[in-house]
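Structure record follows, encoded as structure tokens.
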There are 2 protein chains.
Amino acid sequence: MSSEPAPDRRRRDAAATRQAILDAAVTAFTRHGYDGVGVRDIAHNAGVTAMLINRYFGSKEHLFAEAVDVAFAPRTVITGTGTELAGQTARTLVARTAPEAEELGPFLLMLRSAANPRAAEIMRDAIARHAGRHLSEELSGAGAGMRAELMLAVQAGLWLMRRVLGTTALAEAPPEDLARYVTMLFQVLDMPAKDATPRG
Amino acid sequence: MSSEPAPDRRRRDAAATRQAILDAAVTAFTRHGYDGVGVRDIAHNAGVTAMLINRYFGSKEHLFAEAVDVAFAPRTVITGTGTELAGQTARTLVARTAPEAEELGPFLLMLRSAANPRAAEIMRDAIARHAGRHLSEELSGAGAGMRAELMLAVQAGLWLMRRVLGTTALAEAPPEDLARYVTMLFQVLDMPAKDATPRG
DNA sequence: GTCTATAAATGGATAGAC
DNA sequence: GTCTATCCATTTATAGAC
């Protein structure tokens, strides 16, 4: 006789709730950094209460670790391979770090959470597991690991200046000029160590 | 008869107290970032109580602004001029960002405070007033402002990876190899725009 | 010029009801 | 499976005594 109560959105669905929290966490940590966001904010954006974060993830720190893993897993850093690696990656990077771009991404999460020592450890491990490995595969020759992390450093620096701080010269620079220089930077880092000679 | 009380260290000396607070603030903000440090910590390190920070600086934010100005004022980013700019700056940078180095500096302050939006604004303005100007003076030719900020980006990226996160490949890389690549990066950015052609 | 004491808000995490 | 209510620590900033 009595009809079943209309099932609310995501009600009584542990997996969906967990996923909603995780999605909200990635966004919030990317926008405001580890210390800049509270579990209440994340829970609210996920449509649940703060308590469930501890229920499903144990603590804010564990939630952050999972969020970092999700954010760093996709192969977004490098586009293109071989001779087109430098130019294509540079153009993608310049477009994504444009002041008016709304795109989020692992570099923003990284920069905005780096101040917290625990968060820094978690991200260092995630880089070793994901981004560092991806990049090292693309590169070859002597010093590939070092050059891969130098590419990450260049990218992080550009994200910092253009999107986090918003300095004027980089904001106003013509994208094609900027892309030209960034391409040259990546070309330098694409050279194996034995071929590289400064000021030839 | 009653002898004067022995004058305590810094007691009743407004200028010295103010300076002690400012010094402690630079150190603390560099080590832990804007959100990672409380006014109590700073006051304690300065040998006073937290109340005096508001008395002398008005608020934590104003104290931060003055600390940033102090930290960014010295011309530490670039060493050497002309043809030796790239190599000398690279070697200094590699030495300062060595994992075992204890040196603090404006880049650590910048990276660890970037997550806070107000702090980011304050630092963007300070860069325009100090570091950006210094660098633009050293450089010449087309796109000097853009290339100067790209140099800052490269430096910030290396500080982030080596000193803040401590990623393995950059930590273990031989300093001379690392300096060689960083030198080449700076050489690229030392070229005026019209001379620069990727993959010549 | 500097202190103690406290206000007022916010943080992460938990207990227990339903 | 999810909620409300609460604990406890910590934050910036201020009031008022000395």
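None of the values given here were measured: they were computed from a predicted structure. Chain letters run A, B, ... following the sequence lines, proteins first and then strands; every chain starts at 1. Below, all heavy atoms of this structure are taken into account, side chains as well, without hydrogens, waters or symmetry copies.
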| task | For residues 113-122 of chain A, pull every pair meeting salt bridge (charged side-chain N to carboxylate O under 4.0 Å, His left out), keeping only residues two or more places apart or in separate chains. | result | A:E61-A:R118, A:R118-A:E121
| message | Expressed as a whole number of angstroms, how long is the span from A:I53:CD1 to D:dG1:P? | response | 17 Å
| query | What residues, two or more places apart in sequence or in another chain, satisfy ring-ring contact (aromatic ring centres under 6.0 Å, His included) together with B:F186? | reply | none
| request: Pull out every residue in residues 55-70 of chain B that has a heavy atom closer than 4.0 Å to any atom of DNA chain D, ordered by number, or say none. | output: B:S59, B:K60
| message | Tell me every residue that passes salt bridge (Lys or Arg N to Asp or Glu O under 4.0 Å) with B:D23, counting only those two or more places apart in sequence or in another chain. | response | none
Please output the side-chain donor-acceptor pairs of residues 105-112 of chain A that fall under 3.5 Å, not counting sequence neighbours, one pair per line with the distance.
{"residue": "A:R112", "atom": "NH1", "partner": "A:T30", "partner atom": "O", "Å": "3.1"}
{"residue": "A:R112", "atom": "NH1", "partner": "A:R31", "partner atom": "O", "Å": "3.4"}

| said: Checking B:R91 now: which residues fulfil salt bridge (Lys or Arg N to Asp or Glu O under 4.0 Å) with it, not counting sequence neighbours? | reply: B:E84
| message | Just the rounded figure in Å: distance from P of C:dG12 to CD1 of A:I42. | response | 8 Å
| task | Indicate the atoms forming the closest heavy-atom contact of B:M146 with A:A173, along with that distance. | result | SD-CB, 3.5 Å
| query | B:N116 CG to C:dT10 P: how many Å, rounded? | reply | 15 Å
| remark: Base-pair string, DNA chain D, Watson-Crick plus G-U, cut-off 3.5 Å on both distances, | for inter-strand, is |||||||.||||||||||
| message | Filter on salt bridge (charged side-chain N to carboxylate O under 4.0 Å, His left out), then keep only pairs touching residues 135-162 of chain B, sequence neighbours left out; what's left? | response | B:R75-B:E137, B:R75-B:E138
| query | Atom CG of B:D13 to atom P of C:dT2: distance rounded to whole Å? | reply | 8 Å
| Can you name the residues that form a ring-ring contact (aromatic ring centres under 6.0 Å, His included) with B:F72, not counting sequence neighbours? | none
| query | Please give, in whole Å, the distance from C:dT2 P to B:H44 NE2? | reply | 16 Å
| task | With sequence neighbours excluded, give me every salt bridge (charged side-chain N to carboxylate O under 4.0 Å, His left out) pair touching residues 42-60 of chain A. | result | none
| query | To the nearest angstrom, how far is A:H32 atom NE2 from C:dT10 atom P? | reply | 15 Å
| task | Go through the structure and list residues passing salt bridge (Lys or Arg N to Asp or Glu O under 4.0 Å) with A:D41, not counting sequence neighbours. | result | none
Kindly give the atom pairs (protein nitrogen or oxygen, nucleotide nitrogen or oxygen) under 3.5 Å for nucleotides 3-9 of chain D.
{"residue": "D:dC3", "atom": "OP2", "partner": "A:T49", "partner atom": "N", "Å": "3.1"}
{"residue": "D:dC3", "atom": "OP2", "partner": "A:T49", "partner atom": "OG1", "Å": "3.0"}

| message | Using every non-hydrogen atom in the two residues, find where A:V188 and B:V188 come nearest and quote the distance to one decimal. | response | CG2-CG2, 4.0 Å
| request: Using whole Å, report how far CG of B:N54 lies from P of C:dG1. | output: 16 Å
